[in-house]
**Student:** 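I'd like to ask you about the structure that follows.
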Amino acid sequence: MTKVKLAGEKATLLPTLYGRALDSQSPDSILHDTMAYDAVQQIEVDFSTVGLRRGDDTAIALRARCLDDWAREFLAAHPECVVLHLGCGLDTRVYRIDPGPGVRWFDVDYPEVIELRGQLFPDRDGCTAIGASVTDPMWLAEIKGDLPVLVVAEGLFMYLREDEGKDLVRRVLDHFPSGQFVFDGLSRRGTKLQKLNKAVQAAKATVHWGFDSCEELEAIDSRLRCVSSMSAFDLDNDRLPTGFRMTAKVSKVFTGMRNLAVFYRMDFQPSASG
Ligand SMILES: C[S@@+](CC[C@H](N)C(=O)[O-])C[C@H]1O[C@@H](n2cnc3c(N)ncnc32)[C@H](O)[C@@H]1O
């Protein structure tokens, strides 16, 4: 068994890992992430304390599948590209997606998390793990910016401070010729409500950055364009508990609820002025 000592935002990778592991054991699994299940068996953590509620495993698997599908679409259109999987935690996305030989994939998270990944998951050609804060400019400077980039950031941006998050986005825009960001985000109200979120509480993590619309994200830089956005309440599945599905129905009427948690897909191209 591998000992795990993670605190704060780093510990929030445990409920998402556990959610994918539980989903993989369901007869109608959404993600089939059996590597997540194997990882859960190998680490010494009392998963009953990580704050997962009934139905969270389904919601977590649906969120991951949405970002996987968007990532696969980008890779199909850009067989030669760079992928920055930011705040990767113990997510096995690179194994699920199985990118082709033209893809240079980077998993980025704090050093403790990357060390743990190394103990749990095998090396993979074309995939490099980087132990650093995503807000540190140094690691990106080391990556060649000659190809289009796909940035995948699942459950990350809320843990960054707004200025750090925006600086990170601009650094990526300056480093690569073109690309896409796929990520989830909380609205400002959503960040306030996270104080009630059991998984965030269990990890003793703090959320900071919330944004309310595509327009607000596009205002970070004129090169950014929102391709699509989707409320987490639109991810429907029979396995979601009735309470969640009722809330999802109500959210269709109230914008303030709809945008509590949203998936975004944003393109960037070189600016018209070059
Ligand atoms: C909710 S977990 C999500 C992990 C993974 N994306 C998933 O879906 O399972 C948040 C992750 O973001 C990472 N994280 C938060 N702030 C970070 C930062 N400044 N630099 C690197 N990683 C960060 C945490 O260590 C953690 O792995």
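Both ligands and their constituent atoms are indexed starting at 1 by order of listing. We're numbering straight along the sequence, starting at 1.
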**Student:** Mark yes when over 12 heavy atoms from residues, nucleotides or ligands other than Glu80 sit less than 6.0 Å from its CD; otherwise mark no.
**Tutor:**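 No, not enclosed.
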**Student:** Which atoms from ligand 1 have a heavy atom of Thr12 less than 4.0 Å away?
**Tutor:**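 Taking each heavy atom of Thr12 in turn, ligand 1 has 1 (C), 2 (S), 10 (C) under 4.0 Å.
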**Student:** Do other residues, nucleotides or ligands put more than 12 heavy atoms under 6.0 Å from the CZ atom of Phe183?
**Tutor:**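 Count over threshold, so yes.
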**Student:** Give a yes or no answer on whether the side chain of Ser187 reaches the backbone of Phe211 with a donor-acceptor pair at less than 3.5 Å.
**Tutor:** no
**Student:** Considering Phe183, Tyr159, Tyr110, Tyr18, which one's heavy-atom position lies nearest to atom 19 (N) of ligand 1?
**Tutor:**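 Comparing heavy atoms across Phe183, Tyr159, Tyr110, Tyr18, the nearest one to atom 19 (N) of ligand 1 lies in Tyr110.
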**Student:** Give me the one residue out of Asp38, Thr34, Asp107, Asp33 that meets side-chain hydrogen bond (donor to acceptor under 3.5 Å, both in side chains) with Thr92.
**Tutor:**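 Testing Thr92 for a side-chain hydrogen bond (donor to acceptor under 3.5 Å, both in side chains) against Asp38, Thr34, Asp107, Asp33 leaves exactly one candidate, Asp33.
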**Student:** Got the closest protein heavy atom to atom 21 (C) of ligand 1, with its distance?
**Tutor:**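 Going by distance alone, atom 21 (C) of ligand 1 is nearest to Val134 N, 3.5 Å.
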**Student:** Give yes or no for whether the N/O distance cutoff of 3.5 Å, strictly under, is met between Thr135 and ligand 1.
**Tutor:** no
**Student:** At a 4.0 Å cut-off, with the gap strictly under it, does some heavy atom of Arg20 reach an atom of ligand 1?
**Tutor:**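 Contact present.
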**Student:** Would you say CZ of Arg189 has more than 12 non-hydrogen atoms from neighbouring residues, nucleotides or ligands within 6.0 angstrom?
**Tutor:** no
**Student:** At less than 4.0 angstrom from any non-hydrogen atom of Leu13, what atoms of ligand 1 do you find?
**Tutor:** 2 (S), 27 (O)
**Student:** With a 4.0 Å cut-off on heavy atoms, is Leu156 in contact with ligand 1?
**Tutor:** yes
**Student:** Less than 3.5 Å between some nitrogen or oxygen of Asp109 and one of ligand 1, yes or no?
**Tutor:** yes
**Student:** Any side-chain donor paired with an acceptor under 3.5 Å for Asn237 and Thr58?
**Tutor:** no
**Student:** Of the backbone atoms (N, CA, C, O) and the side-chain heavy atoms from C-beta on, which set of Leu90 has a member under 4.0 Å from an atom of ligand 1: side chain, backbone, both, or neither?
**Tutor:**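 Near ligand 1, Leu90 shows nothing, with every heavy atom at 4.0 Å or more.
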**Student:** Should we say atom CG of Asp46 is surrounded by more than 12 heavy atoms from elsewhere, each under 6.0 Å from it?
**Tutor:**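 Yes, the 6.0 Å shell around CG holds more than 12 heavy atoms from other groups.
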**Student:** Does an N or O anywhere in Gly87 fall below 3.5 Å from an N or O of ligand 1?
**Tutor:** yes
**Student:** Going by the atom numbers of ligand 1, which of them fall below 4.0 Å from some non-hydrogen atom of Cys88?
**Tutor:**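 Here the atoms of ligand 1 in question are 5 (C), 6 (N).
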**Student:** Regarding ligand 1, does Val108 bring an N or O atom to under 3.5 Å of one of the ligand's N or O atoms?
**Tutor:** no
**Student:** Quick one: which ligand 1 atoms are inside 4.0 Å of a heavy atom on Ser133?
**Tutor:**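 Result: 18 (C), 19 (N), 20 (N), 21 (C).
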**Student:** Of the choices Glu112, Glu154, Lys10, which has the non-hydrogen atom that lies closest to atom 3 (C) of ligand 1?
**Tutor:** Glu154
**Student:** In this structure, which one of His78, Arg223, Gln269 forms a side-chain contact (heavy atoms from CB on, under 4.5 Å) with Ser178?
**Tutor:** Gln269
**Student:** So is Ala132 in contact with ligand 1, going by heavy-atom distances below 4.0 Å?
**Tutor:**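 Distance cut 4.0 Å: Ala132 passes for ligand 1.
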**Student:** Please find out if less than 6.0 Å separates the ring center of Phe244 from that of Phe233.
**Tutor:**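 Centroid separation for Phe244 and Phe233: below 6.0 Å.
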